[in-house]
Number of protein chains: 2
Amino acid sequence: MNSALDTVFAALADPTRREILRMLLEDDMAVTDVAYPFAMSLAAISKHLAILAAAGLISQEKRGRVKWCKLEPDALRAASVWMQSFGQFEPVNLDAFEAFLAQELTPTELPEGAP
Amino acid sequence: MNSALDTVFAALADPTRREILRMLLEDDMAVTDVAYPFAMSLAAISKHLAILAAAGLISQEKRGRVKWCKLEPDALRAASVWMQSFGQFEPVNLDAFEAFLAQELTPTELPEGAP
DNA sequence: GGCATATTCAACCGATTGGTTGACGATCCC
DNA sequence: GGGATCGTCAACCAATCGGTTGAATATGCC
């Protein structure tokens, strides 16, 4: 029924894959460079990347010989929303939050740069 | 190394287990009652509950014959924090967010984490 | 052309997962 | 005591997972 959450959570359940995501948080990387710090074969990393891509957590684009991997953090949104529905620990009303955002951010002061 | 996130995300990767958590969000339940809506054996549900308990997502307390299952949403906190570290999808300044919360919530409905 | 580099494919392997069934141990209640 | 209810245990099964190795496919470079 809800296989998007299945694949996202399953992808996040492996520490190698979480570490890959953490690495991609800093910058886009080629498959070989992703594999370098890990004590496993390139083929294994290639499989992990395929799983992350299937979950939508990364995208892959081939330029020439090398395939670049890019983090797609939006794929975490559904999972995050699901988790927040249990959120006694994150008790905010999302509608109110979005209203807050809409009112707080002027067109010229984008979120990251806000003083 | 980081097996807490492993077990939590793995537990969340199964739709049956997520549905169980959703049910427990409404109220504590006995094992038999948890199993009732599912088209699978009681033993299967018992295993799912053991996995959720091992991940810390529920607690189980036996009173007489019946074993009561209780949601433990705090176990989601570590996973939620991990996910938010990727939080381009949550582009808001956290300070502003907390200010919003402080202003929006009356003192009687403060979240547990509020200062 | 020919070699090196980047990545995947295919076959295999052992361990784990999600499910079943049947037997079993507790507990409640008449 | 004895039957019904609650839940787990143990053994089994097919499918999936995470990894390996070796061959294959592109692509870049001299």
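What you see is a predicted model, and the numbers here were worked out from it, not measured in a lab. Per chain, numbering begins at 1; letters A, B, ... match sequence-line order.
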Would you say dG18(D) has OP1 or OP2 under 4.0 Å from some side-chain N or O of Thr16(A)?
-> no

Within this structure, what is the CZ-to-P distance between Arg63(A) and dT7(C), rounded to whole angstrom?
-> 12 Å

Please report, rounded to the nearest Å, how far the P atom of dG18(D) is from the CZ atom of Phe9(B).
-> 15 Å

Just wondering, do Ile20(A) and Met29(A) contact through their side chains at under 4.5 Å, heavy atoms?
-> no

Of the candidate nucleotides dT20(D), dT7(C), dG7(D), which contains the atom at the shortest distance from the side chain of Thr32(B)?
-> dG7(D)

Any side-chain N or O of Ser41(B) less than 4.0 Å from the OP1 or OP2 oxygen of dT20(C)?
-> yes

Decide whether Leu21(B) and Trp68(B) are clustered together by the hydrophobic rule: side chain heavy atoms of Ile, Leu, Val, Met, Phe, Trp, Tyr closer than 4.5 Å, transitively.
-> no

Got a sec, which pairs hit ring-ring contact (aromatic ring centres under 6.0 Å, His included) with one end in residues 4-51 of chain B, sequence neighbours left out?
-> Phe9(B)-Trp82(B)

Minimum-distance nucleotide (side-chain atoms of Arg65(B) versus dA6(C), dG7(D), dA4(D)) | dA4(D)

To the nearest Å, how far apart are Ile20(A) CD1 and dG18(D) P?
-> 11 Å

Hey, what do you get for CG (Leu24(A)) to OG (Ser59(A)), rounding to the nearest 0.5 Å?
-> 9.5 Å

Nearest-nucleotide check on DNA chain D, Ala10(A) vs Gly64(A); residue mapping nearer the 5' end is Ala10(A)

Would you state whether a donor and an acceptor, one from the side chain of Lys62(B) and one from the base of dG7(D), lie under 3.5 Å apart?
-> no

Rounded distance in Å - CZ (Phe38(B)) to C1' (dT20(C)) | 17 Å

From CD1 of Ile45(B) across to P of dG7(D) the rounded distance in Å is 12 Å

In whole angstroms, the gap separating C1' of dC13(D) from NZ of Lys47(B) amounts to 11 Å

Roughly, in whole Å, what's the span from OH in Tyr36(A) to P in dT7(C)?
-> 16 Å

Identify which nucleotide among dG19(D), dT21(D), dT7(C) has an atom closest to any side-chain atom of Val66(A), counting heavy atoms from C-beta outward.
-> dT7(C)

Do the side chains of Leu49(B) and Lys67(B) get nearer than 4.5 Å, heavy atoms only?
-> no

Using only side-chain N and O atoms of Arg17(A), determine if any of them is under 4.0 Å from OP1 or OP2 of dG18(D).
-> yes

Does the Ser3(A) side chain pair with the main chain of Asp6(A), one donor and one acceptor, at a distance under 3.5 Å?
-> no

Are OP1 or OP2 of dG7(D) and a side-chain N or O of Ser46(B) less than 4.0 angstrom apart?
-> no

Could you check whether Ala50(B) gets within reach of a base, just the sugar-phosphate, or nothing at all, counting any heavy atom under 4.0 Å?
-> nothing

Tell me: CD1 of Ile51(B) to P of dG18(C), nearest whole Å?
-> 5 Å

Of all the nucleotides listed (dG18(C), dT20(D), dT8(D)), which has the minimum atom distance to the side chain of Met40(A)?
-> dT20(D)

Between dC6(D) and Lys67(B), is there an OP1 or OP2 to side-chain N/O distance shorter than 4.0 Å?
-> no

Does His48(A) have a side-chain nitrogen or oxygen under 4.0 Å from the phosphate oxygens OP1 or OP2 of dG19(D)?
-> yes

